[in-house]
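Below: the structure, in structure tokens.
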Amino acid sequence: MSQPSEGAPPPRPVPRVPKGFRDVFAADVEARRNMVETIRGVYERYGFEPLETPAVEHVDVLGKFLPEADRPDAGIFAWKLIEEGDRDSGKNDGEWVALRYDLTAPLSRVVAQYKETLPTPFRRYQIGPVYRMEKPGPGRFREFYQFDIDTVGTANMAADAEVCCILADALEELGIKRGEYVIKVNNRKVLEGILDRIGLGHAHHQEAFHEVFRPLLGQSKANIMKTFRSEEPYSGAFKGVPTEVLDQQAQKISAAAWPPPWSGEKPPGEYVEMLKNYYNLFPKDQRLAVLRAIDKFDKSGLDGVRGLLGTGRLDTSGVFNYGAQLDPDAIETVIGFMMSGIADRNIVIDHLSHLVGDSVVGKQGVSELIAIHEFLSAAGYGNDRVQFDPSIVRGLAYYTGPVFEAQLTFDIIDEDGVKRPFGSVAGGGRYDDLVKRFTGELVPATGASIGVDRLLAALKVVGKVKTEDRRGPVVVTVMDKPKLAEYQQMVFELRRAGVAAELYLGEGGFKQQLKYADRRNSPVAVIAGSNEFEKSEITIKNLRLGKELAKQVASRDEWRKGQPAQTTVARAALVEEVKKILNS
RNA sequence: GCCGCUGUAGCUCAGUUGGCUAGAGCGCCUGACUGUGGAUCAGGAGGUCACGGGUUCAAAUCCCGUCGGCGGUACCA
């Protein structure tokens, strides 16, 4: 934007929407509303009650803790809330708040806050927009809708099984046929058991990185380069990272680390940002790294997962991803777990109980799966609807037990012309520790979240959403301005009869009025000029029929003179005639 | 964050090795049609060629930078 020069008028705002946000027009709004209503019906049938919470929460409530720096972590929309008076007086420098990034964290807050009066277990559903400041991609926005259902306050596996049933019911009610979707279930505890067996330690890489990094602060570029390449004592922390990648990193770190932040030549904020980026190169927790590696299975394939479980993997765009650093035996154990199949639930259970061996958590995980299996079978939900699949882990760290994912199995053609299954439209799991943050007491909880926009996209693919057919109102055209009151009367007659109708309120001539009605996709236009008024008649034009007929008519005379799609009737028959057309 | 591609009318895009007043299709507006959506025909409006600098007699075109868009990848509570 150009700088306003002396005396020039202020620059005009450019109409636009912030990146990652969008406008939603009538057809999509209605499609979403219809879908949500259907799902809501299912949720209520299962006995859940609605809840609404604010879009803004305190940052610590959401689980994001502020770093030392004077701004919150990236990824969320956060700001400091300062009351007007306090800003000037400086008495109170405000509190960090943020837009919610999911509906689960606010729920755990509500439970902790009102636990004395809330029924236990607390069963609620909630829909609303959530906000994430990530890079938007195809079909991914910074503001999007989630539709959650959760049961808080019971460890009973029946609650988990029920979540699977709800998701299945909801999808079917929306018109997705049995076989076009599958609810997949796994259990984090089983994976924990496997990781125990291979003796996986916890976050040591983060510390190793710390050790490498700290002495480098403020050192010369040459020194930094040397350290990154040296055999001792740091090579262990960077095992498996290609030399050229390390060189590249060293270049950037030296640029950031020199001159040192306290010299005043480099803004400290930028320096901190740089540091954070390099943290991200390394797994903070090996277990988490394993989870993410497995989670990448559908994207990276088996070899990709192997790489990510091991030293790391250089992806197609030339970025090196640091791996979980497992040794080959451990890798194969994890892969074995992941690939233990999606056959009959009984078979998967057998397989898994064998894999976890003596691990206590592992066995517990398997018995939870058995419990879920029994509940599902009793309720009549077989393998055609709910499967056990150990490759489903979900990236979230907070899940503690069963995890779920609703997948659509039909193929879509993506932008590259490649056929692939539509994929996940909902996910969830058990999170027994979330309320503990507030109260210190264990409050077991389980639930799922439907990605509303994604599911809506899926419904469009299978043709369950008719966005094109949105019907506009009956438009009463205005031919004689002085007779406005009489036109108005027609409009209200129609409205009183329950017919959506409006008076043409624009400035346009008659031709434009019909064009307007056409654009609104109006089924009917009501026409009355002096001819009609003289005889107490009105002309009713069937716009939809007319549109159809126009396809066959070539000559203009035919089109204009014929007018088979309109009839002139007595004024008193207005409502009756309009309704006749609407119902046809 | 990182890597690559890209930016010309409301939309989709042409624009030769730098060279006249920057074009097309669609859409929009007006008229043919004095009371009729569509089709047809005729006419019209609409552009700081993303922005800023540089090279040149001359830049939409070449170079540098900034910003935006797209794709991949990472992160994803």
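Proteins come first, then strands; the chains are lettered A, B, ... in the order of their sequence lines, and each starts at number 1.
A/L308 has its CG atom 8 Å from the P atom of B/A74, to the nearest Å. Between A/L514 atom CG and B/G38 atom P the separation is 9 Å, expressed in whole Å. In this structure, A/D102 places its CG atom 19 Å from P of B/C75, rounding to the nearest Å. In this entry the distance linking CG of A/D150 with P of B/A77 reads 15 Å, nearest Å. Distance NZ (A/K296) to C1' (B/G72): 14 Å, rounded to an integer number of Å. In this structure, A/R140 places its CZ atom 12 Å from C1' of B/A77, rounding to the nearest Å. Atom-to-atom, CG of A/D60 to C1' of B/A77 comes out at 15 Å; the value is rounded to the nearest Å. Atom-to-atom, CD of A/E534 to P of B/G35 comes out at 14 Å; the value is rounded to the nearest Å.
By the 5.5 angstrom centroid cut-off and the 30-degree plane limit, A/Y101 is classified as stacked against the base of B/A77.
Within the 4.0 angstrom heavy-atom criterion, base atoms lie near A/N542. Within 4.0 Å (heavy atoms only), A/Y516 reaches no atom of the nucleic acid at all.
A distance of about 24 Å separates the C1' atoms of B/G38 and B/A24, rounded to the whole Å. Between the C1' atoms of B/A32 and B/A39, the separation comes to 14 Å (whole Å). Comparing B/C3 with B/C11, their C1' atoms sit 30 Å apart, to the nearest whole Å. When the C1' atom is compared between B/A9 and B/C2, the two are found 35 Å apart, to the nearest whole Å. Separation of the C1' atoms belonging to B/G23 and B/U16 is 14 Å when rounded to the nearest angstrom. One C1' atom belongs to B/U8, the other to B/C13, and the distance between them is 9 Å to the nearest Å. Going from the P atom of B/U61 to that of B/G19 covers 10 Å, rounded to whole Å. The same atom, P, is picked in B/G47 and in B/G10; the two are 7 Å apart, to the nearest Å.
Of the possible donor and acceptor atoms, one in the side chain of A/D102 sits under 3.5 Å from a partner among the backbone N and O of A/T104. Counting only distance, with no hydrogens or angles, the side chain of A/Q513 and the backbone of A/V478 share a donor-acceptor pair below 3.5 Å. At distances below 3.5 Å, at least one donor-acceptor pair connects side-chain atoms of A/R142 with backbone N or O atoms of A/E134. Not one N or O on the side chain of A/N187 forms a donor-acceptor pair closer than 3.5 Å with the backbone of A/V403. In terms of modelled atom types and a separation under 3.5 Å, the side chain of A/T439 and the main chain of A/K436 share no donor-acceptor contact.
Salt-bridge check for A/E143 with A/R132: failed, with every basic side-chain N at 4.0 Å or more from each acidic carboxylate O.
A/E548 contributes no side-chain N or O that forms a donor-acceptor pair with the base of B/G38 under 3.5 Å. Interface remark: the A/N531 side chain does form a donor-acceptor pair with the B/G35 base, using a distance-only criterion of under 3.5 Å.
Cation-pi contact between A/R430 and A/Y399: absent, since separation from the ring centre below 6.0 Å together with deviation from the ring axis within 45° is not met.
For A/K511, taking side-chain heavy atoms from C-beta onward, the closest of the listed nucleotides B/A77, B/G35, B/G37 is B/G37. Comparing B/G38, B/G37, B/A77 by their nearest atom to the side chain of A/A550 picks out B/G38. Residue A/K541 has its side chain nearest to B/G37 when only B/A74, B/G37, B/G35 are considered.
The base-pairing partner of B/C5, taking Watson-Crick or G-U wobble contacts with both distances under 3.5 Å, is B/G69. If you check B/U61 for Watson-Crick or wobble pairing at under 3.5 angstrom, you find it has no partner at all. Under the Watson-Crick or G-U wobble criterion, with both distances below 3.5 Å, B/A39 is left unpaired in every strand shown. Under the Watson-Crick and G-U wobble criteria, each requiring two contacts below 3.5 Å, nucleotide B/G18 is left unpaired. The partner of B/G44 is B/C28, by the rule that a Watson-Crick or G-U pair needs both atom distances under 3.5 Å. When both pairing distances are held under 3.5 Å, B/C13 makes a Watson-Crick or G-U pair with B/G23.
With a 4.5 Å cut-off on side-chain heavy atoms, A/Y516 and A/T477 do not count as touching.
Qualifying ring pair (Phe, Tyr, Trp, His ring centres under 6.0 Å) partners for A/F533, counting only residues two or more places apart in sequence or in other chains: A/Y487.
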**Message:** A/D295 vs A/R394, test: salt bridge (Lys or Arg N to Asp or Glu O under 4.0 Å). Steps then yes/no.
**Reply:** CA-CA 6 Å; A/D295 205 30; A/R394 303 200 56 77; over 6 Å; no
With the criterion being N/O to N/O and under 3.5 Å, what pairs connect the protein with nucleotides 25-29 of chain B, and how long is each?
from	atom 1	to	atom 2	distance (Å)
B/C28	OP1	A/R519	NH2	2.8
B/C29	OP2	A/K515	NZ	3.3

Could you run down the sub-3.5 Å N/O contacts of the protein with nucleotides 65-69 of chain B?
from	atom 1	to	atom 2	distance (Å)
B/G69	OP2	A/K19	NZ	3.1

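Distance check: A/T400 OG1 to A/E192 CD gives 10.0 Å after rounding to the nearest 0.5 Å.
The side chain of A/K135 contributes no N or O atom lying less than 4.0 Å from OP1 or OP2 of B/C3.
For A/K535, the NZ atom sits in a loose shell: 12 or fewer heavy atoms of surrounding residues, nucleotides or ligands are nearer than 6.0 Å.
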